[in-house]
Every structure is written in C-alpha cells, then in structure tokens.
Amino acid sequence: MSTTDIEGVTDYELFIDGAFRASHGGDRIEVSFPYDGTVWATVPDATEEDVDDAVAAARAAFERDEWRDTKPSDRRVILNQIADTIDAHADELAELETLQNGKLLREMKEQLSGLGEWYRYYGRIAEEVESGRTIPVDKKDGQMFNYIRHEPFGVVGAITAWNSPLLLTAWKLAPALAAGNTFVHKPSEETPVSALRFVELIYEHTDLPDGVYNVVPGQGQTGAALTAHTDVDKLAFTGSTAVGRKVAKAAGENLTKVSLELGGKSPNVIFSDANLDDAVNGVMKGIFAATGQTCMAGSRVLVHEDVHEEFVSKLTERAGDIKMGDPRNMDTQMGPVAFRGQWETVHKYVQSGLEEGATLEIGGEMPADQPGECFIQPTVFVDVENDMTVAREEIFGPVASVISFSSLDEALEIANDTDFGLAAAIWTQDMDRANEFVETVEAGTVWVNEYRLIAPNSPFGGYKASGLGRENGREGLEEYYQTKSVWYNHAGEVGDPFVLE
Ligand code: NAD
C-alpha cells in the first residue's frame, strides 16, 4: 500500500440528534495521515453553540420515554446491536483509526475485532446490577422495607485522547448507555473521523433513539465548553494530567460528577531471576508498541544491577531491529507518532535526557529512510536517575529510561517516587517478591511477568495524578449511575417527629 491509495479529502459534519448537521461556525480541522502528512479529511471545529445544541439534544433524548422507559434488557439489545455493527465494520474502522493517528493497522484491526466485547459486557452486567438489593434496616421492628435503585445521571459529556480513539470511547459509551444515560462526545482534534463514522454506523444499523449519542468534534475550546456546561450531569475524560486538572476544576465549579483517565510514568521492573528474553519482550510491549503512545507505557525500565548490562544489550539490539514503516503494512512494527507537535514533544524530551546526563544507548532522531516528519527512532536511555525529566514526565513516545537498582526495597522506592500511578509490572520467578511488589506499588494496574494487557471486565484507572475513578469492570459501570435509597413504611406509625430514629 502507498499513500496514493488515499483518494481526495472527505468533509464530515457534526452528528447531533441522529443526523449530520453543519456547525454554527465556519472553522474546520484538517485530518492528516501522519505517515506522510497527506490531508484526507476535514471536520468542523465545533463552537460553544454547537455544544449547546448537542447537550440540548441529549437532554431531550434523556427525557423522552423512548429512552427513559428502556429497561436494562432493552439496552442490552441495543448494546449487542452496536457490538454487531462494530464486528461488521471492524476493518473499515481500523483503517480510519490508522489513517488518523498512524498506529499499526494490524494492532487497530485486533483492537476493533475485540471492541464489541465492551458493549456486550456492559449490556450483560447492567441487567445484573440494576435489579436493586434490599437492605435489612433495623428500624421499626423490621417493618421498614428499604431497597436500592440505580439511576442514570442524565447527560454524559465525554472527552477523549487520540491514541486509541474508539477503544477509549467504548470505555465510556458502553457503560454510560448500559446505565441509561445519554451522551455527548468530543473526540480528539487529531482523530475525529472514526468517531463520526462510528456514530453514523450506529444510527444506520441499531435501534438507538435519536439524540442519545452525539458527536461534536473540535479542539480544546470545544472540550472546555462541554466541561463547563451546566446541563451536563457527568463528565468522563481521557487525556493528559494537565488538561485533566482543568476538567476537574470546571467539574468542581458546577459540582458535576467526573471521572478522569490521565497520564502515567509506569515502572517496568526486571529482577535478575527473570526470564530475560520474556522481560525484554515485555519492555518492548511497554514502550515501543504503539510508538510509545499509550497511557500505560512502561517508560521507566528498572533493571537489577546484576543483569543490567546483559539486559540493556538485549534491549538495544531488539530496539535497533524494529522495522519502521507504513503503518498499513502488516509487517511494520513501529509507525510514526501521531502528529508533528507530538514529534517535537518527544524530541524535546530526548534533548533534555542528554542535557541532564543520561546516556543515549540508541535512537533519539528522525530516521532518514522514512517519509513525512513524524517518525522517531526507538530510543533507549541508560544511566537515568529518577529525578531526571525523562524519568519524571510523561513523554508519550518510544523512549525508554533505564534505571539501575540493587534491591526490592530500592526498586519499590523508585517505582513509587512519581506523581503518577497508572500501571506497573514486575519480572521475577520469586512469587513472594512479586507479592510484596503487588502490595506495595502505587498503581491502578499491576502485571506480573506481563505487560499491556486489558479486558472489558477488569477495572482500569489511576492512583495519584493518573486519574479519578475507574473504567472497565463493574467499577466502570458504577461511574455512570447514582444510587437512590428507598424506604417503605409497613409499620403504620410515623413516630416522634423531633427524634431521629
Ligand atoms: P490532551 O489532554 O491534550 O487532550 C485530551 C482531550 O482533551 C482532547 O480531546 C482535547 O481536545 C481535549 N482538551 C484540550 N484542552 C481542553 C480543555 N481545556 N478542556 C476540555 N478538554 C480539553 O491529551 P492527548 O494529547 O489527546 O492524549 C494523550 C494523553 O492522554 C496522555 O497523557 C495519555 O497518558 C493520556 N491517556 C490516558 C489514558 C488512560 O486511560 N489513563 C488512555 C489514553 C491516553
């Protein structure tokens, strides 16, 4: 395949109340293929008025009986239809994802082929948790009947990042719909097309009522309009910690419920008794997969001093062999980063590593044999101290910072000496040591002898500055409903009005 396969530029519109419609403003965002910079689509840069329209449509849909009266089993049927639609269009959606952000087509095909499971899973479990449980309250000689109702919040405002656009959307949309909310989505300005095609497909192939799912593409100011909107009941955000703080601030102002999935600086820790080839694979998965653009990137590689030299030599050799190229080719192992600004960010961090005294083992530059301006070589720094910028800040690129340690205590101290707490991994054959690591490390996800695995039914989210709340699993559904406690008096007498019984 070559870029000559991209024919023309497609113009998309906003998707509100079940149909495409024009923006109130005239500004548009160009979407390009980061492999070589070809512009292949444009979308509106939605205005505040557009956001108002989308929220109004979602509010009206929430109040209409057609959605309000749905039972969990009705919503399960719709979620299964969404899953079937994804299955039927997985290849097309995967290609759109790759054209937007340059991630490997084979990774995106795999991601899209499993994406329907998120919708099926939440359709299934919403039926179980919404049945409500009775509480044996010790009041009025057992004559009070108390039970729990789970009710949706109303309108959910969702804002997502560009690195796995439809996956990050599923983590919010599937539980939000399962719980009975309506939804306004602001996708990343770098990757708005898959969201617009996805919502179009859903309205072509499922019974989702108009206005339940709306998409308003735009830049940061569109997201800010959504987060500040007083008719949004719940905010769900995936992105950087810096923007997450702004979203939390806006949510605080309106007292809007909020969940945040933010950045990371995750430690991937290798002990001398580990199977070193497996551990190298795990480190490659952690930092070079997706060109390092994953929130859970294992960007701090902690290696025991006894195997440091051997490990670094193996890792450097493997990094040097990585096949870069067109992300649409099935044998490419690493594509470009998603856009030029991200390339500049990554390169700036490489410079800071050099300036602060880390040793560049391999990489750090733009390869001469690739097109465009978004490729960066797989990069390994050694002699990294945990207080260097490359060990403290999220780079979001293929840059491994290798730090040496001599004991479990020291490894844990370094692992936890970070503002973040998204993920962590340990490579060892000693399960007592693994257990101590699992219990002590401050991270929302911990892998033992693995890296970068997720599942619809396993909760995901951050400790510390990596986020608020959880996505996936039962915890992910709980983010989308509120709990009502209901009391029925069967005793027949109300009691002393001046005493709290
Ligand atoms: P970003 O924070 O720059 O942007 C995220 C989204 O927020 C975009 O849609 C953007 O338009 C919007 N936005 C920007 N300014 C805003 C504002 N003032 N108010 C509201 N919305 C605003 O992040 P990014 O560069 O798109 O994505 C990379 C980041 O996302 C990394 O930090 C990565 O770790 C994080 N991420 C986290 C997870 C997770 O599950 N924890 C998953 C993927 C990515």
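Whatever order the structure lists ligands and atoms in, that order sets their numbers, starting from 1. Computed from heavy atoms alone, side chains included, the values below leave out hydrogens, waters and symmetry copies.
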Is Gly462 near ligand 1, meaning one of its heavy atoms is under 4.0 Å from it?
no
Quick one: which of Ala158, Gly341, Ala161, Gly218 has a heavy atom closest to atom 27 (O) of ligand 1?
Ala161
Has ligand 1 got any nitrogen or oxygen that is less than 3.5 angstrom from a nitrogen or oxygen of Cys295?
no
Give the intermediate values and the outcome of side chain to side chain donor-acceptor pair (under 3.5 Å) for residues Gln219 and Asp27.
CA-CA 11 Å; Gln219 314 214 42; Asp27 292 346; over 6 Å; no
I'd like to check atom 24 (P) of ligand 1 in this structure: does the protein have a heavy atom lying under 4.0 Å from it?
yes
What atoms of ligand 1 come closer than 4.0 angstrom to any heavy atom of Gly223?
19 (N), 20 (C), 21 (N)
Does a salt bridge link Arg106 with Glu110, judged by any charged N lying under 4.0 Å from a carboxylate O?
no
Is the closest side-chain heavy-atom distance between Ile362 and Pro378 below 4.5 Å?
no
Quick one: do the Ser240 and Glu394 side chains pair a donor with an acceptor below 3.5 Å?
no
Leu422 heavy atoms within 4.0 Å reach ligand 1 at atoms 41 (N)
Ligand 1-proximal atoms of Lys246, by part, heavy-atom distance under 4.0 Å:
side chain
Distance to 0.1 Å, residue and atom name: give those for the protein heavy atom nearest to atom 14 (C) of ligand 1.
Gly220 CA, 3.5 Å
Please walk me through it: do Glu30 and Thr42 pass side chain to side chain donor-acceptor pair (under 3.5 Å)?
CA-CA 4 Å; Glu30 290 189 335; Thr42 76; over 6 Å; no
Which protein non-hydrogen atom lies closest to atom 35 (C) of ligand 1, naming both residue and atom, and how far is it?
Gly239 O, 3.2 Å
May I ask you to identify the nearest protein heavy atom to atom 26 (O) of ligand 1, giving residue, atom name and distance to one decimal place in Å?
Trp162 CD1, 3.0 Å
Using salt bridge (Lys or Arg N to Asp or Glu O under 4.0 Å) as the criterion, point out the one residue from Lys234, Lys172, Arg470, Arg474 that pairs with Glu479.
Lys234
Could you label the plane-to-plane angle of the Trp162 and Phe339 rings as parallel, tilted or perpendicular, counting under 30° as parallel and over 60° as perpendicular?
perpendicular
Decide whether an N or O pair under 3.5 Å exists between Ser240 and ligand 1.
yes
Give yes if a backbone or side-chain nitrogen or oxygen of Thr294 is under 3.5 Å from a nitrogen or oxygen of ligand 1, and no if not.
no
Side-chain heavy atoms of Tyr203 within contact of Tyr213, under 4.5 Å
yes
Return the option from Ile454, Val243, Thr222, Thr160 holding the heavy atom at the smallest distance from atom 6 (C) of ligand 1.
Thr160
Just to be sure I read this right, does ligand 1 sit under 4.0 Å from the backbone of Thr238, its side chain, both, or neither, counting only heavy atoms?
both
I need the atoms of ligand 1 closer than 4.0 Å to a non-hydrogen atom of Ala224, numbered in the order shown.
19 (N), 20 (C)
Glu394: numbered ligand 1 atoms lying under 4.0 Å from its heavy atoms:
31 (C), 32 (O), 33 (C), 34 (O)
closest protein heavy atom to atom 12 (C) of ligand 1 is Ile159 CG2, 3.7 Å
Near Leu168 (heavy-atom distance under 4.0 Å), the atoms of ligand 1 are 42 (C), 43 (C)
With heavy atoms only and a cut-off of under 4.0 Å, state how Met296 meets ligand 1: side chain, backbone, both or neither.
neither
May I ask you to list the atoms of ligand 1 that are less than 4.0 angstrom from any heavy atom of Gly263?
32 (O), 34 (O)
Would a 4.5 Å heavy-atom cut-off, applied to side chains only, mark Ser401 and Val301 as touching?
no
Within a distance under 4.0 Å of any heavy atom of Phe460, pick out the atoms of ligand 1 and give their elements.
40 (O)
Ion pair check, Asp278 and Lys285, cut-off under 4.0 Å:
no
Using a 4.0 Å heavy-atom threshold (strictly under), name the region of Leu262 that reaches ligand 1: side chain, backbone, both or neither.
backbone
Can you find a side-chain donor-acceptor pair between Asn472 and Ser458 that sits under 3.5 Å?
no
Student check: side-chain heavy atoms of Ile376 and His347 closer than 4.5 Å:
yes
Heavy-atom nearest neighbour in the protein, as seen from atom 28 (C) of ligand 1, with distance rounded to 0.1 Å:
Phe396 CE2, 3.6 Å
Please work out which of the three classes, parallel, tilted or perpendicular, describes the rings of His150 and Tyr481, given edges at 30° and 60°.
tilted
Is there a nitrogen or oxygen of Thr227 sitting under 3.5 Å from a nitrogen or oxygen of ligand 1?
no
Distance under 4.0 Å to a non-hydrogen atom of Asn163: what atoms of ligand 1 satisfy this?
43 (C), 44 (C)
Describe, in one word, how the ring planes of Phe33 and Tyr35 are oriented to each other, choosing from parallel (under 30°), tilted (30 to 60°) and perpendicular (over 60°).
tilted
Applying side chain to side chain donor-acceptor pair (under 3.5 Å) to His229 and Asn254, what does each step give before you reach the verdict?
CA-CA 8 Å; His229 205 293; Asn254 292 339; over 6 Å; no
Does Leu226 approach ligand 1 within less than 4.0 angstrom via side chain, backbone, both or neither, non-hydrogen atoms only?
neither
